[in-house]
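These notes concern the structure reproduced below.
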2 protein chains.
Amino acid sequence: MRDKATSFDIAHMAGVSQSTVSRALRNSPLVNQETREKVQAIALQLNYKVDKNASSLRQRHSRTIALLLFEDPTSDDSMINPFFLSMLGSITKACALEGYDLLVSFQQYSTDWHADYEDTNKADGIILLGYGDYMNYQDKLSKLEQQQTHFVRWGEVDNAHPGLSVGCDNFQGGYKITQHLIGLGRKNLAFVGGADNHCPEFFERFKGMCHALQQAGSNDKPLQIDAITTEDSGYQAAVELLTKDSGVDAIVCASDLIAIGAMRALQDKGIDVPGQIAVVGYDNILLASFANPPLTTVHQNTKKAGELLVTSLIGLIKGEQREPVLIPAELVIRESCGRA
Amino acid sequence: MRDKATSFDIAHMAGVSQSTVSRALRNSPLVNQETREKVQAIALQLNYKVDKNASSLRQRHSRTIALLLFEDPTSDDSMINPFFLSMLGSITKACALEGYDLLVSFQQYSTDWHADYEDTNKADGIILLGYGDYMNYQDKLSKLEQQQTHFVRWGEVDNAHPGLSVGCDNFQGGYKITQHLIGLGRKNLAFVGGADNHCPEFFERFKGMCHALQQAGSNDKPLQIDAITTEDSGYQAAVELLTKDSGVDAIVCASDLIAIGAMRALQDKGIDVPGQIAVVGYDNILLASFANPPLTTVHQNTKKAGELLVTSLIGLIKGEQREPVLIPAELVIRESCGRA
DNA sequence: CTGAAAGCGCTTACAG
DNA sequence: CTGAAAGCGCTTACAG
């Protein structure tokens, strides 16, 4: 650490007390305008910046937010899901807009996560973002709640889940996709992705799908194959699906990455997409529009999501009462389902 | 901020002095093992965490690094270049590995960037990552150097540039691409991207290209069209290129995003890629392998780059002498240039 | 091996 | 409007 000017140095140069310097720099209305200007001029000249540690220590808050990004350890370690990367981008921007610093960290679900950002006063609150097996981290969420940590999570909006959440309307997303497919004449749909309490978001998409199917008069549960959010997992799931049922004419995937893997598997088997089988994704990552054929999917508005996550958390930090936020699902129709 | 236990509370409970608590918690060899264990047990039980602000203030360093991501304000505001997003991911991981916290922030080149992370003691050093007009920020880099800020930048490795840099061998990348194209029988190459001191990295790629061309006996400067790193800019540049010269049979693009835009323009004009015109990108973002046809490009090893950026910076912070690092360029051959 | 004390650089109640 | 003083919660010389 270099030697830097302190507020005492400025006080000395300006011929005022250090308390006045502190007030002048924070634009306190208490200080005489002339004094304020003199102090600020000297500060500028000395390239003085108030020490964040001292200031946070004294004020007992840091005006910084911690973002914890969880990764499923089973996924390819070198690659982060583009959807979360995009969320990271929008959260960063939203923080800057609100005048908060952002601490970011990746965590593995498997290891003990040290969500001690607030306990150490590094941050005033935490944003949780990630995927993986929900049952494995539910306890940790409850613990966070017990400790009265300020946190908000991206995920399924459901009062049974600990913590305030911001999320897209997954049920609606699954519902819209299915309606679209039915409208296109598809009869035999399958779902690729987890569909149980281990991954509540996927599960809701699946439920939305089942609901649309029922409304259309089909009472059979659709065929469902597990997959995690990677291309490889999607590939394998599609292969498995093909061996189980050759009558499927549409595959609803729990994410774009899964869908892209599934399309590759179908094409490797010589099956035409969408001619023989339609494929739908979820997330609308950049890749989706470049897939071949371009992927019909559900757009999750990451810009809005990032802003909402940040403003909700700041509200919580300020002691406000906050309600969970549900962002509407937007169907994006491209070519992977064909035309009516 | 919630009421939390302090080291005094623990001292009281353990029946030792506060200094001993501090020592025990930091695993000082000075403290008796029995005492240490007792103190640590109480700390754990109370869920005590040392206050980062107090600790950093006293120790005069924060063990955190700031990452400043610059965006070209001319590019689409909602989308961050996937290449930089991927760098962000690897930097975050590398920081965690080294036990540093990471503060991330987006900055616009146009506005005054407040690189005061070290001045405020928020961070011990800064990583600079971004693109845009180099001539516009060269001064700021020099200022950072004058202020003795610890920083490392991603970019062209060249001693004339202020600050320590870590970067890929852009000259070599341009050279390898061009050799590959020549080997494939392409005769009339064009370059799409800035090729002057405003963007040193692109310029080096261009120089590598010229060098390979000269070696092959061609002494004309290749046709060059400016473009920034977006798909749209690549599209427009390709359109412009077509109006200028219809004899081009290969386009070397300064980035994958540009290449993808260029391919789209060519296809819109009914030109076969690679049949009539070969296209090469740069970066090897995830999208490249999904482009149609899959894009031949130069891989920039973001994992290695992130690690190197972080370890170099930490070295600097510790007062070590550090040399710039050049990462070799790796040609990734896919289908956008055809076969021999 | 342990404790009492100083001090990191601020902010803010208190007194004037 | 201004100053002297206390205190945020640690770490670390210093003394024993």
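Just so we're on the same page: letters track the sequence lines, and every chain starts at 1. What's counted below: heavy atoms across the whole structure, side chains too, no hydrogens, waters or symmetry copies.
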When the [atom1] atoms of [N] and [M] are considered, how many whole Å apart are they?
N	M	atom1	value
C:dT2	C:dA6	P	23 Å
D:dG9	D:dA13	P	23 Å
C:dG16	C:dT12	C1'	16 Å

*Which sits closer to the 5' end of DNA chain C, B:R36 or A:L57, going by the nucleotide each is nearest to?*
B:R36
Approximate separation, where rounding is to 0.5 Å, of [X] [atom1] and [Y] [atom2]:
X	Y	atom1	atom2	result
A:K304	A:I327	NZ	CD1	6.5 Å
A:N47	B:Q146	CG	CD	10.0 Å
B:I42	B:I10	CD1	CD1	7.5 Å

*Tell me which residues in residues 11-31 of chain B put a heavy atom below 4.0 Å from DNA chain D, sorted by number, or none.*
B:Q18, B:S19, B:S22, B:R23, B:R26
*Using distance alone, with no hydrogens and no angle criterion, decide if B:N121 and A:D51 have a side-chain donor and acceptor under 3.5 Å apart.*
yes
*Is the backbone N or O of B:P82 less than 3.5 Å from a side-chain atom of B:S86, with the two atoms forming a donor-acceptor pair by type?*
no
*Not counting sequence neighbours, which residues clear side chain to side chain contact (heavy atoms under 4.5 Å, CB included) with B:L30? List them please.*
B:R23, B:S28
*Nucleotide range of DNA chain D contacted by chain A, 5' to 3', under 4.0 Å to a heavy atom?*
D:dC1 to D:dG9
*Look at B:R322 together with B:E320 and state whether they make a salt bridge at an N to O cut-off of under 4.0 Å.*
yes
*Decide, yes or no, whether a salt bridge links B:E307 with B:K303 under the criterion of side-chain N to carboxylate O below 4.0 Å.*
yes
_Assigned partner base of C:dA15, Watson-Crick or wobble definition, under 3.5 Å_ = D:dT2
